[in-house]
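First the structure, in the form of structure tokens, and then the observations on it.
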Number of protein chains: 2
Amino acid sequence: MRLTTKGRYAVTAMLDLALHEGRGPISLADISSRQLISLSYLEQLFAKLRRNDLVKSVRGPGGGYQLSRDKADIYIVQVIDAVNESVDATGCGGKGDCHEGEACLTHHLWCDLSDQIHAFLSGISLADLVARRDVQEVSQRQDRVRLQSIEFERIEATG
Amino acid sequence: MRLTTKGRYAVTAMLDLALHEGRGPISLADISSRQLISLSYLEQLFAKLRRNDLVKSVRGPGGGYQLSRDKADIYIVQVIDAVNESVDATGCGGKGDCHEGEACLTHHLWCDLSDQIHAFLSGISLADLVARRDVQEVSQRQDRVRLQSIEFERIEATG
DNA sequence: CTATTAGCCGACTATTTTAGTCAATTATTT
DNA sequence: AAATAATTGACTAAAATAGTCGGCTAATAG
């Protein structure tokens, strides 16, 4: 099992999409600047998210990504799975052949742990996150910062 | 967060110790042959387990390792922590400074997940595992295989 | 006392994964 | 036609994993 920035970035980016939906497609450049994730890296991640039918893309100017279905129907575990970060804690992929074709001493423990994590992450949808107070607060702060930097750029350009 | 063979090996080896305690110290060679873990790698892991006061060692012939305290007082989370596999799912070590010194959009989600995993693994002691039916079954199978290979070696040696 | 056993220690290494970068291409819209 | 933005593929530095190897030290059995 691993949970690194890859999976965290994917969930963060999907949540960003869920928070800003309704105003047409969101470009990766927007997500990149809001969430401070490298654009090229986001491209890699969204290729996987698209292949897993979690987002759909619109090319060309004004294009970007949108959730492929309602945010209440997209669960965190699906996002993490999509970028190849398995939530499985066993070494054998749950097959139970970890010790000479049979279960190792701790196989069932890791199975239980996997079930635990899976249940937790599959019980939370993007809509659930959007509704959370802490998420809303962080999102509002990010939008404020965003507006400030746009204003700053305007002043710079105007001179 | 990561849970790889390192943490799994450590827990498996500690459980092996718990299962075979009472007959003096257990050598790493024994654990290695029963659990099919490289002896040199076990040495590395037990150095950390010893530094974290989870086992004590006895040198010389007949020596080996023993649990440093009752198996009911050693929890899985301690073993995993000892070999430097953190159960923390956040990217910031729980500090909440993941986005320009402030919490990132998904910080609280990863905190909740960390709490979940931590609660699960700190609720299970080595004694709990020893008492489990599936662990006992696997352990008995391993002891049978072990006896067979000793018998085989005896016949080989006798000729 | 000496040979053996078994823990102890540090250095080294191959492989894999992470977290990206970079360049080129394709589709779309203004 | 120009600009935008997704799409693709190849490449890479750094870190972690999962070990190996050799030599050393302590203790005990004979």
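Numbered from 1 within each chain, the chains take letters A, B, ... in sequence-line order.
Each side chain to side chain donor-acceptor pair (under 3.5 Å) pair with one or both residues in residues 109-118 of chain A, not counting sequence neighbours, appears once here: D88(A)-S114(A), T106(A)-W110(A), D112(A)-R132(B). Listed by first then second residue, pairs satisfying salt bridge (Lys or Arg N to Asp or Glu O under 4.0 Å) with a partner in residues 3-13 of chain B number zero, not counting sequence neighbours.
For the segment residues 46-66 of chain A, the set of residues with a heavy atom within less than 4.0 Å of an atom of DNA chain C comprises R59(A), G60(A), P61(A), in numerical order.
One atom, CD of E43(A), and another, C1' of dA23(C), lie 11 Å apart when rounded to the nearest Å. Whole-Å rounding puts the L42(B) CG to dC8(C) C1' distance at 14 Å. In this structure, CG of D30(B) is placed 14 Å from C1' of dG7(C), rounded to the nearest angstrom. Distance CG (L36(A)) to C1' (dG20(C)): 15 Å, rounded to an integer number of Å.
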For nucleotides 15-18 of chain C, list the nitrogen or oxygen atoms of the protein found under 3.5 Å from its nitrogen or oxygen atoms, one pair per line.
residue, atom, partner, partner atom, Å
dT18(C), OP2, K6(A), NZ, 3.0

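Within the model, atoms CG of D81(B) and CG of L121(B) stand 9.5 Å from one another, a figure rounded to the nearest 0.5 Å. Atom CD1 of I37(A) and atom CG of L45(A) lie 7.5 Å apart (nearest 0.5 Å).
Checked by atom type and distance alone, the side chain of R141(A) never pairs as donor or acceptor with a backbone atom of Q136(A) at under 3.5 Å.
In the hydrophobic clustering of this structure, V58(A) does not group with L17(A); members are Ile, Leu, Val, Met, Phe, Trp, Tyr whose side-chain heavy atoms approach within less than 4.5 Å, directly or through other members. Under a hydrophobic clustering in which Ile, Leu, Val, Met, Phe, Trp and Tyr are joined whenever their side-chain heavy atoms come within less than 4.5 Å, directly or via other members, L105(B) and L39(A) fall into the same cluster.
Between L15(B) and the options V138(B), L129(B), I74(B), I31(B), a side-chain contact (heavy atoms from CB on, under 4.5 Å) holds for only L129(B).
With sequence neighbours excluded, the residues that form a side-chain contact (heavy atoms from CB on, under 4.5 Å) with E137(A) are R133(A).
You can see that DNA chain D meets the heavy atoms of chain A within a 4.0 Å-exclusive cut from dA3(D) to dT8(D), reading 5' to 3'.
The minimum heavy-atom distance linking D128(A) with G123(A) is given by the pair OD2-O, 3.6 Å.
Contact check, S38(A) against dT21(C): a side-chain N or O comes under 4.0 Å of OP1 or OP2.
Between Y9(A) and Y41(A), the angle of the ring planes goes over 60°, which puts this pair in the perpendicular group of the 30/60° scheme.
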